[in-house]
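Residue numbers start from 1 in every chain, and the chains themselves are labelled A, B, ... in the order their sequence lines are given, proteins ahead of strands.
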Amino acid sequence: MGRKLLLANIDVPGIRGFDAYRAHGGYAAVEKALRGMSVSEVSAEVNRSGLRGRGGAGFPTGLKWSFLDRKSDKPRYLVCNADESEPGTFKDRYLMHHLPHLLIEGLIISSYALGVNTCYIYIRGEFKYIVGILERAIREAHQHGFLGENILGTGFSLNIYVHPGAGAYICGEETALLESLEGKRGNPRIKPPFPAFKGLYGCPTVVNNVETLATVVPIINMGGDEYARIGRGKSTGTKLISASGNINNPGVFEIEMGLPVEDFIYAPEYCGGIANEKYLKAVIPGGSSVPILPADLMLNTAKGEKRLMTYESLADGDFVSGTMLGSGGFIVYDEDQCIVRNTLNLTHFYRHESCGQCSPCREGTSWMEKVLYRLEHGEGKMSDIDLLVRVAKNIEGNTICPLGDAAAWPVASAIRHFRGEFEYHVKHPEVVKNVHHGALKIEKESLIPDSGTGVNYW
Amino acid sequence: MEYNNIITHPKFIKEGKTVAFSDEIMAKVQSLIRRYPDGQQKSALLPVLHIAQEELGGFLSVDVMDYVASLLGIQPIEVYEVATFYSMFYLDKMGKYVIEVCRTGPCAISGGEQILAHLQDVLEIKPGETTSDGIFSLKEVECLGSCGTGPVMQVNTEYYEKLTPGKVDKLLEDLREYVNRDKQGDSSWAENFC
């Protein structure tokens with residue numbers, strides 16, 4: 001069993017409330033940082049920890065903080081990205097639901113380090129019940145002098161506000177999130193300028209994921225060097241992995257980076273093996289956007305080394321034989337699942353969630369969905385498979401935000417590793433038409449673009 | 001220029017009603033607006049639309065959207081373009097309980113499709129429709145962030161996880177009971193903000 005830094009106290013009764021959280025060492029990191037450390041010392045600890053963004057991109061957090069324009073005379077903002085919408089990812093929801101004060105504590109320390117006095121938590125609208133949990137935690141922190149004016153008598157002031165979204169995957173992209181926070185449609189902005197210079201209201205802004213900000217707490221408590229000793233290479237510390245799909249124990253697990261993938265899937269303290277004693281077929285290890293890998297490549301790299309749960313090991317082999325750690329949304333497929341059907345399901349998702357701003361993504365996702373639909377329903381042609389590859393390739397890298405890539409990668413990787421299954425759908429239309437293979441299904445009517453997010457402009 | 005007269009959308013419903021928040025809700029809304037810097041009151045648009053949808057009829061009619069625009073001091077079109085973008089804002093009249101079933105990847109593997117099929121059978125409506133008694137609307141939604149506890153659905157804003165057809169039947173029964181007793185099923189948006 002690995003060390004638990006974030007979820008150590010998850011089972012303590014009442015840990016959601018201030019008193020229990022405080023009694024178990026809560027807010028000690030705030031006291032340590034605000035009373036005993038300078039702004040640059042806090043940033044230095046985060047730098048030394050090697051912490052990398054937990055939202056998906058894995059960008060070093062200390063480096064991101066260092067880009068913040070400190071010369072500007074405009075106010076600075078810290079925005080917490082709690083718009084967790086990547087299929088397969090539910091770790092932030094778990095963290096906020098059970099340990100809201102851990103996030104608040106992380107926000108206070110991070111705001112102190114960044115010189116921020118106003119902080120917004122942008123949370124997806126579907127998590128309305130968590131809005132109430134966070135608001136309560138904020139109120140409690142105010143009552144105990146950890147928020148508001150002159151915190152702990154140090155002269156540092158901070159207010160945190162919760163801001164709900166309203167159902168748009170795209171708002172998890174940081175510039176779309178800022179647009180949405182300004183009360184607009186969630187259309188991503190062209191970068192540069194980066195939010196570090198022109199973010200919220202045109203002011204210098206840092207946007208970090210919930211888990212990233214919560215991790216600042218153990219880093220300050222134990223020191224950056226100590227934190228960096230956990231893990232392997234440039235993947236330091238622990239990571240929350242949300243596991244779902246055909247496994248015995250779906251749920252959120254905190255793992256030490258470097259855990260072998262095989263142990264994670266089969267060990268009883270983690271996923272507990274494949275459900276119903278079936279075989280492992282494939283895994284999407286980092287949320288639906290990252291490439292899917294077949295079982296053999298998931299457990300061992302192409303070079304024959306054991307695949308580990310780290311940014312580097314999962315990416316070993318690049319996209320030819322590797323994938324990404326992403327957000328840690330670990331989706332497991334057993335032998336019964338149809339890859340074509342699953343790819344259609346995910347492409348439907350990306351088509352629905354495309355903001356419609358860039359043509360390659362708006363048109364491409366819709367096109368891929370239609371081609372996948374006919375393949376899945378036994379109406380496809382052999383040439384459709386290469387057509388999909390071509391469309392995916394033309395989306396990738398040609399859009400303002402990474403959602404285009406996110407939509408292209410699942411299709412490209414499914415064909416790369418499971419081309420035979422796509423060909424089977426073309427060669428045996430009578431079988432795929434009549435056999436209910438796997439659990440996923442898309443109704444033909446749903447291919448018509450609907451209103452709301454997506455392609456239906458007026 | 002009269003923006004209202006030239007901007008239209010096939011789904012927009014204009015009822016010609018005068019709408020307004022109660023004093024209590026208005027106080028909440030004003031405190032929400034104060035969370036954002038001076039001149040940036042438009043930032044409160046999403047939270048205020050949530051409250052407006054809940055308090056003023058369950059969907060966003062043109063009347064409601066124009067009212068919100070006037071509260072925030074912005075043009076109606078700025079509200080329309082937002083209301084048509086986000087999937088949680090409804091432009092049509094909805095049932096008292098909006099049932100949204102997750103159809104994305106992990107939920108689909110764990111039986112989301114069967115739950116949706118069961119709901120269609122029991123309620124005798126398709127996704128996008130409302131029962132004739134106006135109690136239930138059925139919708140498919142994308143990932144609700146509950147992949148480890150699927151299949152999942154959201155009824156108004158409450159999550160119901162690890163569903164089985166039996167659990168769905170029980171829930172529908174309970175909700176019908178609520179309607180008969182005219183009881184509120186869940187907490188309101190305004191209540192959630194302190």
Kindly give the heavy-atom pair with the smallest separation between A:Leu158 and A:Cys119, and that separation in Å.
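Distance-wise, the nearest heavy atoms are CD1-CB, 4.1 Å.
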So which atom in A:Tyr201 and which in A:Leu181 form the shortest heavy-atom distance, rounded to 0.1 Å?
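So the minimum-distance heavy-atom pair works out to OH-O, 4.4 Å.
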For [X], is it the side chain, the backbone, both, or neither that has a heavy atom closer than 4.5 Å to a heavy atom of chain B?
| X | result |
| --- | --- |
| A:Ser288 | neither |
| A:Tyr77 | side chain |
| A:Ser242 | neither |
| A:Tyr120 | side chain |
| A:Tyr122 | side chain |

Quick one: do the [X] and [Y] side chains pair a donor with an acceptor below 3.5 Å?
| X | Y | value |
| --- | --- | --- |
| B:Thr18 | B:Tyr67 | no |
| A:Asn209 | A:Lys91 | yes |
| A:Tyr169 | A:Glu86 | yes |

Could you pull out all residues at least two apart from A:Asn159 that satisfy side-chain contact (heavy atoms from CB on, under 4.5 Å)?
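With neighbours one apart ignored, the set is A:His142, A:Tyr161.
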Partners of A:Glu254 by side-chain contact (heavy atoms from CB on, under 4.5 Å), sequence neighbours excluded?
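Per chain and number, A:Glu254 pairs via side-chain contact (heavy atoms from CB on, under 4.5 Å) with A:Lys4, A:Leu5, A:Leu6, A:Leu7, A:Thr238, A:Leu240.
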Heavy-atom pairs under 4.5 Å with chain B, option from [options] with the top count:
| options | value |
| --- | --- |
| A:Gly251, A:Ala243, A:Ser180 | A:Ser180 |
| A:Val162, A:Asp334, A:Thr89, A:Val332 | A:Val162 |
| A:Gly125, A:Gly245, A:Pro250 | A:Gly125 |
| A:Pro75, A:Cys171, A:Gly186 | A:Gly186 |

At a heavy-atom separation under 4.5 Å, does B:Tyr159 approach chain A through its side chain, its backbone, both, or neither?
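Only the side chain of B:Tyr159 comes within 4.5 Å of chain A.
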